[in-house]
*Asks:* 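Handing you this structure, nothing more for now.
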Amino acid sequence: MNSKVPILVVDDRPENRLAIEAVLKSNDYLLVEASSGQQALSHLENYEFAVILLDVQMPGMDGFETAFHVRHNQNTKSTPIMFITANFEDNDRMYKGYEAGAVDFLYKPFDPTVLRSKVSIFVDLYRARKEIIRQSELLRLEDSRARDSFLENALDAVIGMNAEGNIIYWNKQAEKIFGWTKSEILGKRMCEVLIPIELRQLRDNGLETFRLAGIGSILNRHVEITALRKNSETFMAELSITPIRSGDVDTYSAFLRDITDKKKAELSQKQEHQKLLESEENLKRALSVRDEFIGICSHELKTPLTALKLHFQMDKRLMDKNDPKVYSKEAVEKRINSSTLQLDRMTKLIKDMLDVSALSNGKLNLETEKLDFATLVTNVISSFEDLFTSEGIEVNFLKQDPSLMITGDTFRLEQVITNLITNAVKYGNGSLIEIVLWKEDSRAHFKIKDRGIGIEEGSLERIFSRYERAISSTNISGLGLGLYISKQIIDAHQGKIRVESQKGVGSSFILSLPLEQVSGV
Ligand code: ADP
């Protein structure tokens, strides 16, 4: 602000220049002399003046011509010009002066006070203009500082690149995310340090494409990429690269955000959703299985009930007719046997259902004792003899070891063996049934094999679940509970039960139970 204000004094006569300088002599002004229009223009190329005091009559390039050049130069066109002339008698010359770009006139001989005050006005204007420029420069600086600090402190990594893909800007967040400091990374190729090898080609091509065609496959949009930290760790990032074209020069600003947490959250949300879908699916399946079970169950209960009712109705008719047949010992015995059979069926059904409900409440109480599993199996097989005979079924029973001592619940284990034999009869198509008992790996093994309808592979696992049947409910009656209950009982004995089967060929059910440890051996 305190620097001297330059003023250009143009006059071919040194005495005139001296006279002006004498009047304007001040510490505030820097008076620059020019003895010709030519010299004035050459000064104007190097300095900016507050005002040009320009003599009109000069040899060679006169004042008007000099003013014309000043006005037509981009850099000097607004510099004020004050013409100094001795003979402004006619208006024509006056107008010519204004047309040439004069701002003011001063007539010789001039009054020093008038010269000083006129010049001081231009000086004030000059200073005011300078101050405005200074202020706006300051504002611009502030603005760019604010912008820099905004980028520097942005929550995204902000990376600047030149057309070759070299890093020219690197903010704090970029340091934090990638682990490279500004001084380490500036000048390095973005692709080489931040993008995993397998993806480098793609990114490079993106920039190259932009350079060649002005369109970039990865430019101006958000892309998810795998990025690379300094410690070689990869992470998921969202990247957007914006090209900035200034003249012929391309630079790129890349904004990058670490989305590892977002991705994790998305994944776990997806998994949760998947789980929800699965459990909904399971629930639906369980409901439909339950509905089918209720249907089968009522059918199973209705069958023996209808049979019983028919017997009673027939007997009542005979009694009404006073038919002696109805009272004979044979007839009563037949009635009792057939009713017992139906009642047994219903009892078994209800027992199974009670077992299932006890099992689902976790209330399977075992009454264990030391027992011989071989004897237990032999007894159960004997109880089926009548059935085998009536159905014409041949049974091969091979007891490889005479005694298999275990600890278990006799009643529950009989239930399991009964169920397996019943199934072999039910699904065995009257084929040969083979039963084998043996000892192996400190366990008692039992295998029952039939050559019946078999089970398709897809159903092998689920038949041990509640209400699950491998065949449609219309074929062979059953509730799909026997194997479920059997498995629960065997599990409670630390035993194992499994099935080997082939559809149309037959099935084998194999179970094993831990043998009683013989002490003193
Ligand atoms: P249920 O016989 O009352 O249906 P189970 O739980 O005893 O119930 O058996 C479940 C299913 O396993 C049966 O419905 C049948 O599809 C299949 N299954 C069991 N044993 C055999 C077998 N020996 N041969 C073929 N399929 C069998």
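As the structure is a prediction and not an experimental result, all values here were calculated from the model.
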*Asks:* Testing the 3.5 Å rule here: is there a donor-acceptor pair between the side chains of Asn429 and Ser431?
*Replies:* no
*Asks:* Between Arg229 (side chain only) and Ile177 (backbone N and O only), is there a donor and an acceptor less than 3.5 Å apart?
*Replies:* yes
*Asks:* Could you walk me through whether Leu44 and Asn46 pass the side chain to side chain contact (heavy atoms under 4.5 Å, CB included) check?
*Replies:* CA-CA 5 Å; Leu44 279 160; Asn46 302 317; over 6 Å; no
*Asks:* Rounded to the nearest 0.5 Å, how far does CE of Met161 lie from CE of Met190?
*Replies:* 4.5 Å
*Asks:* Assess whether a salt bridge exists between Glu266 and Lys270, defined as any Lys/Arg side-chain N lying under 4.0 Å from an Asp/Glu carboxylate O.
*Replies:*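 No salt bridge links Glu266 with Lys270.
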*Asks:* Going by side chain to side chain donor-acceptor pair (under 3.5 Å), name the residues that satisfy it together with Ser512, two or more places apart in sequence or in a different chain.
*Replies:*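 Applying side chain to side chain donor-acceptor pair (under 3.5 Å) to Ser512 gives Arg443.
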*Asks:* Taking the ring centre of each residue, are Tyr252 and Tyr169 less than 6.0 Å apart?
*Replies:*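 That pair fails the under 6.0 Å test.
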*Asks:* With distance as the sole test, does Ser459 use its side chain to make a donor-acceptor pair with the main-chain N or O of Ile455 at under 3.5 Å?
*Replies:*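 It does not hold such a pair.
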*Asks:* Is the closest side-chain heavy-atom distance between Leu371 and Thr407 below 4.5 Å?
*Replies:* no
*Asks:* Taking the side chain as every heavy atom from C-beta outward, state whether Trp170 and Leu186 have any atom pair closer than 4.5 Å.
*Replies:* yes
*Asks:* Are more than 12 heavy atoms from other residues, nucleotides or ligands located less than 6.0 Å from atom CD of Glu461?
*Replies:* no
*Asks:* Think Arg498 forms a cation-pi with Phe509, using NZ or CZ under 6.0 Å from the six-ring centre and within 45 degrees of its axis?
*Replies:*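 No cation-pi geometry.
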*Asks:* What distance do Glu48 atom CD and Thr76 atom OG1 have between them, rounded to the nearest 0.5 Å?
*Replies:*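 Answer rounded to 0.5 Å: 10.0 Å.
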*Asks:* Do the side chains of Lys439 and Gln400 get nearer than 4.5 Å, heavy atoms only?
*Replies:* no
*Asks:* Once rounded to the nearest 0.5 Å, what's the spacing between atom NZ of Lys263 and atom OG of Ser268?
*Replies:* 12.5 Å
*Asks:* Could you pull out the closest heavy-atom pair between Ala374 and Ser403, with the gap in Å?
*Replies:* CB-CA, 4.2 Å
*Asks:* With distance as the sole test, does His445 use its side chain to make a donor-acceptor pair with the main-chain N or O of Glu440 at under 3.5 Å?
*Replies:* yes
*Asks:* What I want to find out is whether Lys503 reaches Glu457 closely enough, with some N-O distance under 4.0 Å, to be called a salt bridge.
*Replies:*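 No.
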*Asks:* Are any of the side-chain heavy atoms of Thr422 and Leu387 separated by less than 4.5 Å?
*Replies:* no
*Asks:* Is a salt bridge present between Glu137 and Arg140, judged by a nitrogen-to-oxygen distance below 4.0 Å?
*Replies:* yes
*Asks:* Output yes when Glu500 and Lys449 qualify as a salt bridge under the 4.0 Å nitrogen-oxygen rule, no when they do not.
*Replies:*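 Answer for the salt bridge query: no.
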*Asks:* For Lys188 and Glu184, indicate whether the former's side chain and the latter's backbone hold a donor-acceptor pair under 3.5 Å.
*Replies:*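 Yes; judged by distance alone, with no hydrogens or angles, the pair exists.
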*Asks:* Can you check whether Phe178 reaches Leu256 side chain to side chain, under 4.5 Å on heavy atoms?
*Replies:*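 A side-chain contact exists here, since the closest heavy-atom pair is under 4.5 Å.
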*Asks:* Given Phe49 and Tyr126, is the side chain to side chain contact (heavy atoms under 4.5 Å, CB included) satisfied, shown in steps?
*Replies:* CA-CA 8 Å; Phe49 293 96; Tyr126 173 84; over 6 Å; no
*Asks:* Taking everything shown except Phe397 itself, do over 12 heavy atoms lie less than 6.0 Å from its CZ?
*Replies:* yes
*Asks:* Could you report the tightest heavy-atom contact between Leu432 and Arg451, atom names first, then the distance?
*Replies:* CD2-NH1, 3.6 Å
*Asks:* Run the side-chain hydrogen bond (donor to acceptor under 3.5 Å, both in side chains) test on Arg462 and Ser465 for me, step by step, so that the C-alpha distance in whole Å, both residues' side-chain angles and the decisive distance to 0.1 Å come before the verdict.
*Replies:* CA-CA 5 Å; Arg462 65 179 179 87; Ser465 300; over 6 Å; no
*Asks:* Check salt bridge (charged side-chain N to carboxylate O under 4.0 Å, His left out) between Glu272 and all other residues, then give those that pass, not counting sequence neighbours.
*Replies:* Lys275
*Asks:* Indicate yes or no for a side-chain donor-acceptor contact from Asn171 to the backbone of Asp156 under 3.5 Å, with no hydrogens or angles considered.
*Replies:* yes
*Asks:* For Lys348, is there an ion pair with Asp344 - N to carboxylate O distance below 4.0 angstrom?
*Replies:*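 No, no charged N to carboxylate O under 4.0 Å.
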*Asks:* Carefully, step by step, assess Glu434 and Leu398 under the rule side chain to side chain contact (heavy atoms under 4.5 Å, CB included).
*Replies:* CA-CA 8 Å; Glu434 288 173 90; Leu398 178 63; over 6 Å; no
*Asks:* Please check if the number of heavy atoms outside Leu277 that lie under 6.0 Å from its CG is greater than 12.
*Replies:* yes
*Asks:* Hey, are the side chains of Ile463 and Tyr484 touching, using non-hydrogen atoms and a 4.5 Å cut-off?
*Replies:* no
*Asks:* Specify the closest pair of heavy atoms between Ala154 and Gln173, including all atoms of both residues, with the distance to one decimal.
*Replies:* O-CB, 3.5 Å
*Asks:* If you round to the nearest 0.5 Å, how far is CD of Glu385 from OG of Ser390?
*Replies:* 11.5 Å
*Asks:* When you measure from the side chain of Asn419 to the backbone N and O of Gly482, does any donor-acceptor pair fall under 3.5 Å?
*Replies:* yes
*Asks:* Could you tell me whether Lys230 sits above the aromatic face of Trp180, with NZ or CZ closer than 6.0 angstrom to the six-membered ring centre and within 45 degrees of the axis?
*Replies:*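 Output yes; distance and angle both within limits.
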*Asks:* Which heavy atom of Ala237 sits nearest to which heavy atom of Ala227, and what is that distance?
*Replies:*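 So the minimum-distance heavy-atom pair works out to CB-CB, 4.2 Å.
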*Asks:* Apply the test side chain to side chain contact (heavy atoms under 4.5 Å, CB included) to residues Leu310 and Leu308: give CA-CA distance (whole Å), side-chain angles for both, the deciding distance (0.1 Å), then the verdict.
*Replies:* CA-CA 5 Å; Leu310 267 173; Leu308 268 178; over 6 Å; no
*Asks:* Taking the side chain as C-beta and beyond, is there a heavy-atom pair between Gln135 and Glu131 under 4.5 Å?
*Replies:*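 Gln135 reaches Glu131 side chain to side chain.
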*Asks:* Which atoms form the tightest heavy-atom contact between Ile448 and Ala424, and what is the distance?
*Replies:*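 Smallest heavy-atom distance, with atoms named: CD1-CB, 3.8 Å.
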*Asks:* Kindly compute the distance separating CZ (Phe446) from CZ (Phe373), expressed to the nearest 0.5 Å.
*Replies:*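 Answer for the CZ-CZ pair, Phe446 versus Phe373, is 6.5 Å.
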*Asks:* Kindly compute the distance separating OG1 (Thr306) from CD (Gln313), expressed to the nearest 0.5 Å.
*Replies:* 10.0 Å
*Asks:* Around Lys496, counting heavy atoms of other residues, nucleotides and ligands shown, do more than 12 lie under 6.0 Å from its NZ?
*Replies:* no
*Asks:* Compare all side-chain heavy atoms of His72 with those of Lys77 and state whether any distance is below 4.5 angstrom.
*Replies:* no
*Asks:* Does a side-chain N-to-carboxylate-O contact under 4.0 Å join Glu152 and Lys182?
*Replies:* yes
*Asks:* Please tabulate, one pair per line, all N/O donor-acceptor pairs under 3.5 Å involving side-chain atoms of residues 408-417, not counting sequence neighbours.
*Replies:*
from, atom 1, to, atom 2, distance (Å)
Asp409, OD1, Phe411, N, 3.1
Asp409, OD1, Arg412, N, 3.2
Asp409, OD2, Glu367, N, 2.7
Thr410, OG1, Glu369, OE2, 2.5
Arg412, NH1, Asp355, OD1, 3.3
Arg412, NH1, Asp355, OD2, 3.1
Arg412, NH1, Gln415, OE1, 2.8
Arg412, NH2, Asp355, OD1, 3.4
Gln415, NE2, Asp355, OD2, 2.7

*Asks:* Can you tell me if Asn162 uses its side chain to pair, donor with acceptor, with the backbone of Asn166 under 3.5 Å?
*Replies:* yes
*Asks:* Ser253 and Ile244: which non-hydrogen atoms are nearest, and at how many Å?
*Replies:* OG-CD1, 3.9 Å
